[in-house]
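Heads up, the thing below is written out as structure tokens.
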Amino acid sequence: MLNMEIMVDNFFGILSVVPQTVALAITIFILSVLIGTAMALVQEYNVPVLKQVVMLFKLFLRGTPLIVFIFIMYYSLPSIIGYFTGLLNLDYNANNISPVVILIVAVSLTVSSFQAETIRGSFLSVSYGQIEAARSLGYTPFQAFKRIITPQALVEALPEFGSAFLVVMKAISLGFMITVVDIFAEARLIAASNSYYVEAFVVAALMYWGVAALVVKLTGKYESYLVSRT
């Protein structure tokens, strides 16, 4: 049987790291969408050279286990940053870079490779006839993209964005390998201190479930709002 008293204590202990975990997930999600959008646009508009680079980049990230890429970034990112700061004559010790920053970079780049496909697919879902109609009405390419393509593409992509955010939430749990403390890492630390492992991980699972339920609800409401406006 589960020890309810221990679970209550664990609940408040783990709850303390939920805000920073969600903030980290939001940061990574936003960056992954921005990077994914850039990659999708490069492919959609067939930018020479960059398109091939993006395709190789996506293939590498999608084929590499996230934990492997996190360690690649953990051991190489300080050197990469140090190289560029040296070129720019900046006084910065890259070896002091926070593991949180490394996790953000690694997960953002990995998730962006999947986001790019979601975004590209949502762009393609908008019929070319609507774009032609916008042009006949005098819309510039940017205006057509902003007022015609983006609203409809967002409706198509929103469910996938909600799922992507939950993937990010779970991916962050791998950060404990490089000393980043999130919901899972805090549960491990608490369990190690009192030896009630099942209770700690059940509470952590409930925390993830609560965040997932909230994200699904908010995504559904926003999707209904967008549908009503398009």
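Side-chain atoms are counted along with the backbone in the values below, which use heavy atoms only and exclude waters and symmetry mates.
Using a 4.5 Å heavy-atom threshold, the side chains of M7 and M4 count as touching. The shortest distance between side-chain heavy atoms of L218 and V215 does not fall below 4.5 Å. At a threshold of 4.5 Å between non-hydrogen side-chain atoms, the residues Y92 and I97 count as touching. For the pair V216/T219, no side-chain contact is recorded, criterion being any heavy-atom separation below 4.5 Å from C-beta on. Using a 4.5 Å heavy-atom cutoff, the side chains of N10 and N194 are in contact. Between F114 and V167, every side-chain heavy-atom pair lies at or beyond the 4.5 Å cut-off. Taking 4.5 Å as the limit, some side-chain heavy atom of L109 sits within range of a side-chain heavy atom of F57. Under the 4.5 Å side-chain criterion, counting only non-hydrogen atoms from C-beta, I67 is in contact with M177.
If you chain together hydrophobic residues whose side chains sit under 4.5 Å apart, I35 and V49 never meet in one group. Hydrophobic clustering (ILVMFWY, side-chain heavy atoms < 4.5 Å, transitive): V42 and L56 are in distinct clusters. Residue I6 is not grouped with residue L2 when hydrophobic side chains (ILVMFWY) are merged at heavy-atom distances under 4.5 angstrom, including chains of intermediate members. No continuous path of hydrophobic side-chain contacts links W209 to L15 [ILVMFWY only; heavy atoms under 4.5 Å]. Both V18 and V168 are members of a single hydrophobic cluster when ILVMFWY side chains are connected at heavy-atom separations under 4.5 Å.
The CD atom of E223 sits 9.5 Å away from the CG atom of L154 when rounded to the nearest 0.5 Å. To the nearest 0.5 angstrom, I183 atom CD1 is 14.5 Å from F176 atom CZ. L174 contributes atom CG, which lies 10.0 Å from atom OG1 of T110 (distance to the nearest 0.5 angstrom). Interatomic distance, OG of S193 versus CZ of R188, reported as 12.0 Å (0.5 Å rounding). Distance CD/Q43 to CD/Q52: 9.5 Å, rounded to 0.5 Å.
Here the shortest heavy-atom pairing between G36 and I119 reads C-CD1, 3.8 Å. Contact detail for M169 and A25: the closest heavy-atom pair is SD-CB, 3.5 Å. Nearest heavy-atom pair across I14 and A200 is CD1-O, 3.6 Å. Here the closest non-hydrogen pair linking L66 and A171 is CD2-CB, 3.5 Å. Contact between V107 and I28 at its shortest, heavy atoms only, is CG1-CG2, 3.6 Å. Between Q115 and S32, the closest heavy-atom pair is NE2-OG, 3.4 Å.
The side chain to side chain donor-acceptor pair (under 3.5 Å) contacts involving residues 153-182 comprise D182-Y208, where partners must be two or more places apart or lie in separate chains.
F161 pairs by the ring pair (Phe, Tyr, Trp, His ring centres under 6.0 Å) definition with F29, not counting sequence neighbours. Partners of F201 by ring pair (Phe, Tyr, Trp, His ring centres under 6.0 Å), not counting sequence neighbours, listed by chain and number: F184. Annotation: side-chain hydrogen bond (donor to acceptor under 3.5 Å, both in side chains) contacts of E117 (sequence neighbours excluded): K58. With sequence neighbours excluded, the residues that form a side-chain hydrogen bond (donor to acceptor under 3.5 Å, both in side chains) with N46 are K51.
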L24 and L103: CA distance, side-chain angles, deciding distance, side-chain contact (heavy atoms from CB on, under 4.5 Å) verdict:
CA-CA 9 Å; L24 187 58; L103 182 67; 3.9 Å; yes
Step by step, would you call D9 with Y196 a side-chain contact (heavy atoms from CB on, under 4.5 Å)?
CA-CA 11 Å; D9 290 339; Y196 285 91; over 6 Å; no
Applying side-chain contact (heavy atoms from CB on, under 4.5 Å) to V211 and L214, what does each step give before you reach the verdict?
CA-CA 5 Å; V211 173; L214 180 61; 5.8 Å; no
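Panel note: side chain Q20, backbone V181; a donor-acceptor pair is recorded below 3.5 Å. No donor-acceptor pair under 3.5 Å is formed between the side chain of T64 and the backbone N or O of L61.
Evaluated for a side chain to side chain contact (heavy atoms under 4.5 Å, CB included) with L31, the options I104, V111, V105 yield exactly one hit, I104.
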Show me the donor-acceptor pairs within less than 3.5 Å that the side chains of residues 70-87 make with the rest of the protein, sequence neighbours left out.
| from | atom 1 | to | atom 2 | distance (Å) |
| --- | --- | --- | --- | --- |
| S76 | OG | I72 | O | 2.5 |
| T85 | OG1 | I81 | O | 3.0 |
| T85 | OG1 | G82 | O | 2.9 |

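Annotation for F69: atom CZ counts as buried by contact number, over 12 foreign heavy atoms lying within 6.0 Å.
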